[in-house]
Each structure stands twice: as C-alpha cells, then as structure tokens.
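Along the sequence shown, the residues carry numbers beginning at 1. Remember, it's a predicted structure, so these values are computed and weren't measured experimentally.
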Amino acid sequence: MKRIIGIVLFVGLLGCGGQLQHLAVETLENAQVTLAAAEASGAPETHTAQELLTGATAAMEAGDTERAYRLALRAYLHARIATETAHSLQLEVALQEAEAQLAVNQQRAAETRQALTELQKGLSLLKKPRHRQRR
C-alpha cells in the first residue's frame, strides 16, 4: 500500500499537467469507489472522507488539478482507514462472541467431566465383589 501511494505521488510530481489531470481523475474515481465500499461495510467514520471527496470534486471543477489530486488521495486513504476500522471492529465482536462461547463450552466440559467421574465411582462400587456374611 505504501509502495503504491509512493509511486502515485512520484508519478504525479513528475508528470505534466495532462498526466496529473488523468491521475487526479483516476484517484477521484478510486476515492469514490472506496468511500462507497466503506459505507457499505458499515464504517462509522466516513464523514471526513466524504468532505475531502467533495473538496476534491470542487477543486477539479475549478481547474485546480493538483489540489483535486491531493484531496482525492486523502479521501481515498480516509475511506480505506474507515473500511479497515469497521472490519477490525467486526472481527473484535466475533472474537468476543467466540470467547463467550468458549467459556460456555469449557463450563459444560467441566460439568460433564464431573458427572463422568461420579458415574465411574458408582460403577466401580457396583463392580466390587460383595462379601456375603454367613448366618
């Protein structure tokens, strides 16, 4: 990811105006797609990315390609962070549920072991030969 961002920045800085405009448009589109994916994943923090995307669109319409590119790239990164944060929260919830289920299963296993031990004791008592007393 860092390598891609570095390459995009490098190309953007070396490119001429037409290339920068193409890069800005492409980055703007990527930011829009990534923001839509973040919102679809239930990411709670997409407001900043949306504001940056709006600013990038306005800058592009005003002809400020460099600013549009920078804002679009920041919008993309904020949307990616929001997506990964949402994914992380979902995994954390799943982990907590799994830990709770594990605790329940461990309790059941302990109860089952205790019942088995009691049954084995009872069985061993039944198997012991009984001595008859003579009358």
Side-chain angles (χ1 to χ4, degrees):
M1 182 62 136
K2 289 180 182 180
R3 202 183 284 173
I4 292 171
I5 293 170
I7 291 170
V8 169
L9 286 174
F10 181 71
V11 169
L13 293 175
L14 291 180
C16 66
Q19 288 176 336
L20 182 60
Q21 183 173 3
H22 175 71
L23 189 59
V25 168
E26 189 175 306
T27 305
L28 190 62
E29 290 170 355
N30 287 341
Q32 290 170 339
V33 169
T34 305
L35 180 59
E39 291 170 343
S41 72
E45 298 295 325
T46 58
H47 183 69
T48 302
Q50 183 61 51
E51 287 179 351
L52 289 166
L53 189 58
T54 301
T57 303
M60 184 65 86
E61 290 171 358
D64 191 351
T65 308
E66 185 178 342
R67 180 169 169 72
Y69 169 72
R70 288 182 181 171
L71 290 173
L73 185 57
R74 288 180 61 202
Y76 168 79
L77 294 174
H78 276 273
R80 287 289 300 158
I81 290 169
T83 301
E84 295 304 320
T85 300
H87 183 65
S88 175
L89 291 173
Q90 291 168 352
L91 289 175
E92 192 172 321
V93 167
L95 174 64
Q96 290 172 352
E97 290 173 356
E99 286 175 338
Q101 187 61 44
L102 176 62
V104 167
N105 289 343
Q106 287 175 332
Q107 178 63 31
R108 287 180 183 164
E111 291 169 358
T112 303
R113 276 192 299 274
Q114 183 179 359
L116 180 60
T117 302
E118 291 173 10
L119 286 173
Q120 287 173 336
K121 285 179 184 177
L123 184 60
S124 67
L125 289 175
L126 289 175
K127 286 183 177 179
K128 282 187 181 178
R130 294 184 186 185
H131 297 288
R132 292 188 172 181
Q133 293 179 354
R134 293 185 186 175
R135 290 188 186 190

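Nearest heavy-atom pair across Ala82 and Ala38 is CB-CB, 4.5 Å. Shown here for Ala31 and Ala72, the closest heavy-atom pair between the two residues is CB-O, 3.5 Å. Taking all atoms of both residues into account, the shortest heavy-atom contact from Ala86 to Ala43 is CB-CA, 3.6 Å. Scanning all heavy atoms of the two residues, the minimum distance from Met60 to Ala24 falls at CE-CB, 3.4 Å. A pairwise comparison of heavy atoms in Tyr76 and Asn30 identifies CD1-O, 3.9 Å as the closest pair.
The shortest side-chain heavy-atom distance between Arg70 and Glu66 falls under the 4.5 Å cut-off. Taking 4.5 Å as the limit, some side-chain heavy atom of Leu52 sits within range of a side-chain heavy atom of His78.
Interatomic distance, CG of Leu35 versus OG1 of Thr83, reported as 8.0 Å (0.5 Å rounding). With rounding to the nearest 0.5 angstrom, the CG atom of Leu77 is 12.5 Å from the OG1 atom of Thr48. Atom CG in Leu126 sits 14.5 Å away from atom NZ in Lys121 (nearest 0.5 Å). Between Glu97 atom CD and Glu99 atom CD the span is 11.0 Å, to the nearest 0.5 Å.
By the side chain to side chain donor-acceptor pair (under 3.5 Å) test, Glu39 is found to be paired with no residue, residues two or more places apart in sequence or in another chain being considered. With sequence neighbours excluded, the residues that form a side-chain contact (heavy atoms from CB on, under 4.5 Å) with Thr54 are Gln50. Evaluation of the side-chain contact (heavy atoms from CB on, under 4.5 Å) rule for Glu51 yields His47 as partners, not counting sequence neighbours. Among residues two or more places apart in sequence or in another chain, the side chain to side chain donor-acceptor pair (under 3.5 Å) test is passed with Gln101 by Asn105. Glu84 meets the side chain to side chain donor-acceptor pair (under 3.5 Å) test with Arg80; sequence neighbours excluded.
Paired with Leu28 under the rule side-chain contact (heavy atoms from CB on, under 4.5 Å), one option of Leu53, Leu71, Leu23 passes, and it is Leu53. Remark: of the listed residues Gln107, Arg108, Gln114, Gln107 is the sole one forming a side chain to side chain donor-acceptor pair (under 3.5 Å) with Glu111.
Side-chain N or O atoms of Gln90 include none that pairs as donor or acceptor with a backbone N or O of Gly42 at under 3.5 Å.
Chaining together hydrophobic side chains whose heavy atoms lie under 4.5 Å apart leaves Val33 on its own.
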